[in-house]
Amino acid sequence: MKFNTREELLEYTKNIKGKTFKEIDSQHLLDKSKSNKNKGVLGQIVESGFYKYPLNNVSEADFEDLGIELKVSGYIKNKDGSLRAKERVKLSKIDYNNIVNETYESSHLLGKCKEMLIIWYHYIPKTDYGDFKITDFQIYDMSQDEDVFKHDFELIKEKVINGKAHELSEGDTSYLGACTSGATSADRTTQPFSDIAPKPRAYSLKNAYMTGILRELKEKTPDIITFNSTEENKKLIKKVKDEKIEEKIENIITFESTEENKRLSEKTVIDYVNNKLKPYFGKTQLEILEEITGKTYKEKIPKNINKMISDKLIGKDNELYEKDELFRKTSFIIKNIPIRNNKAIERMAFKTLQLSDFEEDWEDSYWKNYFEETALIVICYEAENSKVKNGYRKLKYVKQMSFTDEDLESFEKTYNMIKIAIEKRDINLLPTPNSFENQLLEIAPKGIKGDDAYNNFFKKDKTKVSFMISKTLLNEKLNDKDE
DNA sequence: CTCTGATCATGT
DNA sequence: ACATGATCAGAG
């Protein structure tokens with residue numbers, strides 16, 4: 001089938017809504033692929049079964065003359081009703097030996113296809129792929145994000161030039177990731193400026209980027225909205241629903257986004273954070289807090305004083321969300337830690353664990369995606385010696401951290417120990433500190449007085465326990481010089 | 001000192 | 001009333 005215009009293509013595509021893959025699989029690819037776990041087959045089914053491209057031509061079957069590339073992508077409904085992309089979208093493979101001679105423009109990374117036609121299906125765990133239902137589609141123009149893509153590309157290139165292809169991680173970049181792409185985790189290839197054999201990797205549109213795009217779409221089609229968006233959006237959507245003025249919503253949203261669409265001059269979250277903190281480097285926590293809020297403390301320094309500062313100076317999560325697309329399409333988390341002699345004084349804690357976090361296998365889990373993709377923006381406060389307590393530490397620097405495959409392999413062990421402990425209902429199997437060799441991720445109690453975190457571990461879905469990453473790993477990241 | 005389970009002030 | 005983002009504080 002051939003489409004002469006964008007409109008023709010979109011008109012035709014409307015018919016895919018509501019269909020399952022089984023229903024459009026006219027070439028019976030699902031049967032042929034034997035395993036119902038072959039992800040690539042879903043894209044092929046849409047191309048051959050729905051758009052009627054000949055199978056042998058499948059790899060070039062996108063709508064190239066329209067400048068549109070087809071992506072078939074799954075999403076998951078979170079427990080709280082919000083939506084997220086199931087996976088990153090893989091692009092072409094990274095050629096380490098060539099990238100050093102390339103520029104973003106010459107790489108043809110996004111090629112002529114600046115627009116994506118994304119076909120969204122609802123992924124449900126433990127379900128045959130044929131039964132997944134296609135619920136939405138959209139055109140997304142990626143040229144609006146080109147400056148960020150370019151920046152990400154340069155970052156990847158620089159790591160290869162520095163002979164650090166083996167240290168690439170998805171958390172390094174904002175939208176464009178470098179995800180592993182070997183057939184097995186043992187696959188290795190070569191890089192030009194180091195003898196260390198790196199894992200093969202491909203460019204990808206990161207999960208958070210796809211999630212951002214999906215949520216944007218859902219905000220514009222509130223009939224299907226079920227997720228937690230910002231308070232303001234909820235009100236807007238409620239209003240639209242109540243008054244049945246749906247045709248107006250496009251205008252309202254377009255207006256709002258153009259108003260806010262003055263793009264930041266910073267292209268990464270860490271640049272943004274550094275700029276906001278600039279006037280305060282070298283000052284103590286109490287000095288900064290007084291300067292920005294007028295509040296003074298003599299005793300009982302709040303344990304969350306750093307958070308009070310970063311909320312005020314950088315913004316709370318939902319304020320950032322409103323501020324710029326960058327914050328909607330990247331996954332990052334702002335953390336504060338005390339350091340002494342460039343070493344972490346404490347472990348780093350994450351949010352409270354829920355038993356239901358561990359229902360899925362590691363590969364499909366929330367936590368794997370989290371650690372793989374999230375950039376930790378770590379604001380470091382220095383204590384000259386152990387007598388310098390909370391409140392009197394000085395703002396020193398900001399460091400971005402992300403996790404390597406090696407880290408993730410160790411995290412997987414921790415994850416699986418919890419999974420097994422839950423299955424066997426045995427708290428002795430939990431990954432408390434030093435429960436195996438070279439442990440990088442551990443659990444620790446996190447609650448209020450009287451909580452008996454471990455003994456009550458199975459009582460409720462919400463536990464009183466959280467992940468913590470070890471000081472060893474933190475120190476390694478802190479001293480990792482790549483800036 | 002370091003380690004690890006316990007606890008706190010704040011925000012929603 | 002509870003989760004969050006951390007630090008505290010006793011034990012070793």
Side-chain angles (χ1 to χ4, degrees), chain A residues 79-80 228-232 234-235 273 284-286 288-289 292-321 332-341 343-357 370 374 376-395 401 414 427-428 430-436 438-457 459-475:
Chain A
K79 278 164 291 204
D80 64 358
N228 277 342
S229 62
T230 61
E231 277 311 307
E232 208 175 321
K234 275 191 211 156
K235 273 180 213 149
V273 170
T284 69
Q285 298 157 291
L286 282 168
I288 299 172
L289 189 67
I292 59 181
T293 68
K295 285 182 192 159
T296 52
Y297 291 84
K298 289 209 176 80
E299 286 160 41
K300 298 234 178 198
I301 313 291
K303 285 188 185 178
N304 59 346
I305 184 169
N306 293 335
K307 179 65 176 164
M308 293 162 81
I309 292 170
S310 60
D311 276 358
K312 189 88 183 170
L313 282 180
I314 297 158
K316 297 176 189 172
D317 287 355
N318 63 335
E319 290 164 358
L320 288 175
Y321 185 92
F332 63 91
I333 181 166
I334 292 167
K335 294 270 181 197
N336 295 279
I337 60 165
I339 57 168
R340 189 166 62 238
N341 298 327
K343 282 174 148 174
I345 298 176
E346 300 276 358
R347 300 161 291 175
M348 180 187 280
F350 293 85
K351 70 175 179 189
T352 320
L353 300 181
Q354 293 177 242
L355 298 182
S356 52
D357 292 347
Y370 180 91
T374 307
L376 305 180
I377 309 294
V378 184
I379 303 171
C380 302
Y381 287 89
E382 184 173 60
E384 276 129 17
N385 56 62
S386 58
K387 293 213 170 65
V388 180
K389 293 290 185 202
N390 189 33
Y392 302 92
R393 296 168 184 152
K394 289 174 183 162
L395 178 58
M401 300 182 190
T414 302
I427 58 170
N428 295 313
L430 288 170
T432 49
N434 284 310
S435 48
F436 60 90
N438 300 321
Q439 184 177 10
L440 302 176
L441 184 68
E442 60 198 40
I443 60 169
K446 174 190 200 167
I448 51 166
K449 191 176 160 120
D451 286 343
D452 194 350
Y454 289 137
N455 285 318
N456 292 320
F457 189 74
K459 287 250 167 75
K460 285 194 299 183
D461 187 44
K462 296 233 181 231
T463 69
K464 299 291 180 187
V465 163
S466 73
F467 275 137
M468 285 205 179
I469 58 176
S470 72
K471 285 204 274 182
T472 317
L473 184 59
L474 269 181
N475 290 338

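Each chain gets a letter, A, B and so on, in the order the sequences are listed, and its residues count up from 1.
Of the candidate nucleotides B:dT10, C:dG5, B:dG5, B:dT10 has the atom lying nearest to any side-chain atom of A:Met308. Distances from the side chain of A:Lys446 to the nucleotides C:dT7, B:dT7, B:dG5 place B:dT7 closest. Checking B:dC1, C:dT4, C:dC8 against the side-chain heavy atoms of A:Lys303 singles out C:dC8 as nearest.
Applying the ring pair (Phe, Tyr, Trp, His ring centres under 6.0 Å) criterion to A:Phe332, with sequence neighbours excluded, gives A:Phe327.
Here the P atom of nucleotide B:dG11 and the NZ atom of A:Lys312 are 10 Å apart, to the nearest Å. If you take CZ of A:Arg347 and C1' of B:dT7, they are 13 Å apart, rounded to a whole angstrom. Rounded to whole angstrom, the span from the CD1 atom of A:Ile334 across to the C1' atom of C:dA6 amounts to 15 Å. The nearest whole Å value for the distance from the CD atom in A:Glu442 to the C1' atom in B:dG5 is 11 Å. In this structure, CD1 of A:Ile301 is placed 12 Å from C1' of C:dT7, rounded to the nearest angstrom. The nearest whole Å value for the distance from the NZ atom in A:Lys351 to the C1' atom in C:dT4 is 11 Å. Taking atom CD1 on A:Ile309 and atom C1' on C:dT4, their separation rounds to 17 Å, with Å as the unit. The CG atom of A:Asp451 sits 21 Å away from the P atom of B:dT4 (whole-angstrom rounding).
Considering only side-chain N and O atoms, A:Tyr392 lies nowhere under 4.0 angstrom from the phosphate OP1 or OP2 of C:dT7. The side chain of A:Ser466 places no N or O atom within less than 4.0 Å of a non-bridging phosphate oxygen (OP1 or OP2) of C:dG5. When the side-chain nitrogen and oxygen atoms of A:Asn304 are compared with OP1 and OP2 of B:dT10, none of them lie within a distance under 4.0 Å. At least one side-chain nitrogen or oxygen of A:Thr352 sits closer than 4.0 Å to the OP1 or OP2 atom of C:dT4. An OP1 or OP2 oxygen of B:dC3 is reached within less than 4.0 angstrom by a side-chain nitrogen or oxygen of A:Lys471. Put simply, A:Lys464 has a side-chain N or O that comes within less than 4.0 Å of OP1 or OP2 on C:dA3. Dashed line: the shortest gap from a side-chain N or O of A:Asn306 to OP1 or OP2 of C:dT7 is under 4.0 Å. Neither OP1 nor OP2 of B:dC3 sits under 4.0 Å from any side-chain N or O of A:Asn434. Between A:Arg340 and B:dT2 there is a side-chain polar atom (N or O) within less than 4.0 angstrom of OP1 or OP2. Contact annotation: A:Lys316 side-chain N/O to B:dT12 OP1/OP2 distance is under 4.0 Å.
Within the nucleic acid shown, A:Pro433 comes within 4.0 Å of sugar-phosphate atoms alone, with no base atom in reach, counting heavy atoms only. Nucleic acid contact for A:Tyr454: sugar-phosphate only, since backbone atoms but no base atoms lie under 4.0 Å from a heavy atom of the residue. Heavy atoms of A:Tyr297 sit under 4.0 angstrom from primed sugar atoms or phosphate atoms, though from no base atom. Among the heavy atoms of the strands lying under 4.0 Å from A:Asn336 are primed sugar atoms or P, OP1, OP2 only; no base atom is included.
A donor-acceptor pair under 3.5 Å links the side-chain atoms of A:Asp451 to the main chain of A:Ile448, judged by distance alone.
For the pair A:Lys335 and A:Phe350, the cation-pi test (distance below 6.0 Å, angle within 45°) is passed.
Two residues, A:Asn390 and A:Lys460, neighbour DNA chain C, and the one matched to the more 5' nucleotide by heavy-atom proximity is A:Lys460. Map A:Ala444 and A:Lys449 each onto its nearest nucleotide of DNA chain B; the residue landing nearer the 5' end is A:Ala444. Comparing A:Phe350 and A:Lys389 along DNA chain C, the residue whose closest nucleotide (by nearest heavy atom) sits nearer the 5' end is A:Phe350. Mapped onto DNA chain B by nearest heavy atom, A:Ala453 and A:Pro302 fall at different nucleotides, with A:Ala453 at the one closer to the 5' end.
At least one side-chain heavy atom of A:Arg340 sits less than 4.5 Å from a side-chain heavy atom of A:Ser386. Inter-residue side-chain proximity for A:Ile334 and A:Leu320 is flagged as met; some heavy-atom pair is nearer than 4.5 Å. A heavy-atom distance below 4.5 Å is found between the side chains of A:Ile443 and A:Leu430.
Under 3.5 Å, the side chain of A:Lys307 and the base of B:dG11 form no donor-acceptor pair of N or O atoms.
For A:Asn304 and A:Lys307, the side-chain atoms include no donor-acceptor pair closer than 3.5 Å.
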